[in-house]
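Below is one structure, written out as structure tokens; the observations come after it.
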Amino acid sequence: MSHLDALPPWAAITVAVLVLLGALCAFVGSLGLLRLKNFYQRVHAPTLGTTLGTFFMLAGSITCFSVQHGRPIFYEILIGVFLTLTTPITLMLLVRAALYRDREEGSTDVPQASPHE
């Protein structure tokens, strides 16, 4: 017997919907990674899709464990906070590194550096 068998039907349906929404968002982000043409376009889709997908997964997990324990469980929100803080920083670092590399190689596909950069 699984601990999920103890969930009431309304909670099980809510958790299932949230987890499926999270999986769908992550899948859409992955499709964007495959379909978009260059690095600068590709970097956004998985970042946004994975972040939103993770938030739905966390909402499902918080709902599941809050119902099981009979009290609000919020410590998983730390995962969302760390994800929210680290994802944009990683995105900016990757894009800056790619811009620097492309400018050094003389690519005409990227804008030239402004005088105050």
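C25 and L52 make their closest contact through SG-CD2, 3.7 Å (heavy atoms, listed as atom of the first residue, atom of the second, distance). Taking each heavy atom of L7 and Q68 in turn, the nearest pair found is CD2-CG, 3.9 Å.
Its side chain within the 4.5 Å cluster rule, M57 clusters with V15, V19 among the Ile, Leu, Val, Met, Phe, Trp and Tyr residues.
Separating the CG atom in L20 from the CZ atom in F56 is a distance of 11.5 Å, to the nearest 0.5 Å. Note that the CZ atom of F65 and the CZ atom of F74 stand 14.5 Å from one another [nearest 0.5 Å]. Put simply, CG on L18 and CD1 on I13 are 12.0 Å apart, with the number rounded to the nearest 0.5 Å.
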Give every donor-acceptor pair under 3.5 Å between a side-chain atom in residues 78-91 and any protein atom, sequence neighbours left out.
| unit_1 | atom_1 | unit_2 | atom_2 | d |
| --- | --- | --- | --- | --- |
| T84 | OG1 | G80 | O | 2.7 |
| T86 | OG1 | F82 | O | 2.8 |
| T87 | OG1 | L83 | O | 2.9 |
| T90 | OG1 | T86 | O | 2.8 |

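Summarising the local packing, CZ of F39 is surrounded by more than 12 heavy atoms from other residues, nucleotides or ligands at distances under 6.0 Å.
L24 and L31 are not part of a single hydrophobic cluster, where members link through side-chain heavy atoms under 4.5 Å apart. Both Y40 and V43 are part of a single hydrophobic cluster, where members link through side-chain heavy atoms under 4.5 Å apart.
Screening residues 8-33 for side-chain hydrogen bond (donor to acceptor under 3.5 Å, both in side chains), with sequence neighbours left out, gives no hits.
Using a distance-only test at 3.5 Å, with no hydrogens or angles considered, no donor-acceptor pair links the side chain of R42 to the main chain of L34. E104 places no side-chain N or O within donor-acceptor distance of the main-chain N or O of Y100, the cut-off being under 3.5 Å.
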Take L58 and I77 through the test side-chain contact (heavy atoms from CB on, under 4.5 Å) and record every step on the way to the result. CA-CA 7 Å; L58 286 173; I77 290 179; over 6 Å; no

